[in-house]
Amino acid sequence: MKTNLKKAALIATGVMLSSGVFAQSNDLGSADYVQPFSPSSSFRTWSVGVNGGLLNPYTFFSGHNSDYKNPNSKIGYGAFIKDQFTHGWGLQANFLKGEVAGHGAADPGLGSYQTDLRWAADLAANFTFANISWRNQQNVIQTYLTAGVGYMQYRPGFTLANGTVIDIGHDIKSAYIPVGVGFKIQVAKGINIDLGYQVNFVDADNFDGYNLNGNNDKFGYAHAGLEFALGGKSKPQMAAHNPVSSMRHEYLMTEQKLQSEVDAQKTQNDQLRSDLDATKASLAATNANLAKFTADEDGDGVPDFFDKCPGTAAGTKVDGSGCPLAPAKVIITEEDRRVVNEAIKNLEFDFGKATIRAHSYPSLERVARLLTDKNFSLKLAGHTDNVGSNDANLMLSKDRAESVKSFLVSKGANPSRIEATGYGETQPIATNKTAKGRQMNRRVEFTLY
């Protein structure tokens, strides 16, 4: 049994190593042409596969497990899904299930074991070799190597030499490392026969239900299956595509196209020279006209050729003919003035502060609505009496004007149309020698415009 397995493994290895070189075809290239440097979307990169075969504790890496000398082959089956990132490698997720068995334990008290592999799942890199040929358009056989990491759940059971069957009574979970080699035969566009062999290195010594010197167990899986490419049928599989053929096809097509263009160009050269001379003359005339139509001496944005009011001052807003725009006429009604005067009359601040008292809010809100509805501009001028220093009074008058502006803006008024200025005690409207006069001097004036 061991000798036959070893011979089969050596033969399969030899076939796989040589297949990429000798098993290729010239028949599929034209239908599978893809322009060089095309994105992965030009290929079918996703594929799924199913497989079945034999699970065996014997592997050609180091023979049988040290726990049991004689392997028993059992049925296993699996599936995978793969995404091919480049012509040379992809990433695939694998699933495996089945039974692994053996007999001839190193301990004479043990007879045989049979482990139920509930499931094993791993993520492995798939490296494809010999899929690029300088002699053929398309590969029929692609050799590959896989390696990854996974996790499995299994339940070992074994039979003692005296015939007693022992079940450990629970499942065991463990990590494992799958390493595989194989080749795929393309039997139809998008369909491959998958032949391979995989060794799974278990991160435990109890896969066969028997611990011996802490040596981790392993088992092999020889399988055959089918792989189906997903995606549009018109696209080739990336793993089976030969980019060299596409490069050659592109070169020949480009060479023919260039030769055709050169021949056509020869007949056009004389005409092009004549056209060039005419274009130069036309360009000179166009440049002269362009200078005429783009010159703008006064910088108002209207070319001199169209400017009916040349020499306007810098910064002056002009119409399409270059003439200054007439300012919009603002109409202020008596009702508008009444609203503003009422706000001035009701406006009060806390003593020595810029805080507006609450009873002033309603009349200020009416002013804000007036500014919003009619888009008026407003100048706020803050004034104080002569009590205190000049600098303090100037700051307080400015703060009070800004306080009124902030209130109006909070009610929707346009801040760009409100000017707030403080004059301190410099512009009294009454004497500061009496309390009444000082009260009249403490004010904020509203000017609509």
Side-chain angles (χ1 to χ4, degrees), residues 300-302 309 312-432 435-449:
D300 60 0
V302 179
C309 299
T312 53
T316 302
K317 294 183 178 180
V318 298
D319 57 18
S321 62
C323 295
L325 290 171
K329 186 175 181 181
V330 178
I331 300 176
I332 302 173
T333 66
E334 290 300 323
E335 176 60 21
D336 298 336
R337 291 189 176 90
R338 187 192 65 78
V339 171
V340 172
N341 291 335
E342 183 180 355
I344 296 173
K345 182 175 66 175
N346 293 332
L347 181 60
E348 290 187 10
F349 298 91
D350 289 345
F351 180 75
K353 297 181 181 179
T355 305
I356 302 172
R357 291 184 176 175
H359 72 81
S360 302
Y361 292 168
S363 57
L364 289 176
E365 290 174 355
R366 286 191 286 273
V367 173
R369 285 196 297 271
L370 183 64
L371 297 178
T372 303
D373 295 342
K374 296 193 174 183
N375 203 26
F376 285 153
S377 296
L378 179 65
K379 179 176 180 180
L380 299 170
H383 302 275
T384 66
D385 57 25
N386 65 349
V387 177
S389 67
N390 292 339
D391 291 342
N393 287 333
L394 182 62
M395 182 177 296
L396 179 60
S397 66
K398 173 66 174 176
D399 290 345
R400 285 181 172 177
E402 289 289 349
S403 181
V404 174
K405 177 179 178 179
S406 297
F407 181 87
L408 296 175
V409 170
S410 71
K411 298 302 179 180
N414 186 349
S416 65
R417 288 189 169 272
I418 302 175
E419 176 186 356
T421 308
Y423 295 96
E425 60 186 69
T426 62
Q427 297 182 10
I429 59 174
T431 180
N432 282 310
K436 183 177 180 180
R438 288 191 295 273
Q439 182 180 0
M440 293 175 65
N441 290 333
R442 297 191 295 269
R443 69 198 188 279
V444 174
E445 295 178 348
F446 292 50
T447 304
L448 282 177
Y449 62 95

Checking E335 against V339 for the side-chain contact (heavy atoms from CB on, under 4.5 Å) test, could you report, in this order, the C-alpha distance in whole Å, the side-chain angles of both residues, the deciding distance, and whether it holds? CA-CA 6 Å; E335 176 60 21; V339 171; 3.8 Å; yes

Non-neighbouring partners of E342 that pass side chain to side chain donor-acceptor pair (under 3.5 Å), sequence neighbours left out: R338, R366

Can you name the side chain to side chain contact (heavy atoms under 4.5 Å, CB included) partners of D300, sequence neighbours left out? D296, D298, V302, D307, T312, V318

Among residues two or more places apart or on two chains, list those pairs meeting salt bridge (Lys or Arg N to Asp or Glu O under 4.0 Å) that have a residue in residues 408-417. E365-K411

Between side-chain atoms of residues 353-361 and protein atoms elsewhere (two or more places apart, or another chain), which donor-acceptor pairs fall under 3.5 Å?
{"unit_1": "R357", "atom_1": "NE", "unit_2": "F349", "atom_2": "O", "d": "3.3"}
{"unit_1": "R357", "atom_1": "NE", "unit_2": "D350", "atom_2": "OD1", "d": "3.2"}
{"unit_1": "R357", "atom_1": "NH1", "unit_2": "E348", "atom_2": "OE1", "d": "3.4"}
{"unit_1": "H359", "atom_1": "NE2", "unit_2": "E348", "atom_2": "OE1", "d": "3.2"}
{"unit_1": "S360", "atom_1": "OG", "unit_2": "N346", "atom_2": "O", "d": "2.6"}
{"unit_1": "S360", "atom_1": "OG", "unit_2": "E348", "atom_2": "N", "d": "3.1"}

Excluding sequence neighbours, so at least two apart, what forms side chain to side chain contact (heavy atoms under 4.5 Å, CB included) with T431? K433, T434

Neighbour count above 12 (heavy atom, 6.0 Å) for F351 CZ: no

What distance separates T421 OG1 from L380 CG, expressed to the nearest 0.5 Å? 8.0 Å

To the nearest 0.5 Å, how far apart are CG in L448 and CG in L371? 6.5 Å

Under 3.5 Å: donor-acceptor pair, side chain of S410, backbone of F407: yes

Got a sec, which pairs hit salt bridge (Lys or Arg N to Asp or Glu O under 4.0 Å) with one end in residues 371-393, sequence neighbours left out? D336-K374, D385-R442

Can you list the residues that meet the side chain to side chain donor-acceptor pair (under 3.5 Å) rule with N414, with sequence neighbours excluded? S416

Enumerate the residue pairs fulfilling ring pair (Phe, Tyr, Trp, His ring centres under 6.0 Å) with a member in residues 371-397, sequence neighbours excluded, ordered by first and then second residue. H383-Y423

Would you say the side chain of L378 lies within less than 4.5 Å of the side chain of L370, judging by non-hydrogen atoms? no

Could I get the full list of salt bridge (Lys or Arg N to Asp or Glu O under 4.0 Å) partners for R438, not counting sequence neighbours? none

Nearest 0.5 Å, what's the CZ-OG1 distance between R337 and T447? 11.0 Å

Test ring pair (Phe, Tyr, Trp, His ring centres under 6.0 Å) applied to F446 - qualifying residues, sequence neighbours left out: none

Can you tell me how far apart OG1 (T384) and NZ (K398) are? Round to the nearest 0.5 Å. 14.5 Å

Any donor-acceptor N/O pair, S403 side chain to D399 backbone, under 3.5 Å: no

Who passes side chain to side chain contact (heavy atoms under 4.5 Å, CB included) against A430, sequence neighbours left out? M440, N441

For atom CD of Q427, decide whether the heavy atoms of other residues, nucleotides or ligands shown that lie under 6.0 angstrom number more than 12. yes

Among residues at least two apart in sequence or on other chains, which ones pass side chain to side chain donor-acceptor pair (under 3.5 Å) with K405? none

Specify the closest pair of heavy atoms between L364 and A343, including all atoms of both residues, with the distance to one decimal. CD2-CB, 4.3 Å

Please report the shortest heavy-atom distance between G382 and S397, naming the atom on each side. O-CB, 3.3 Å

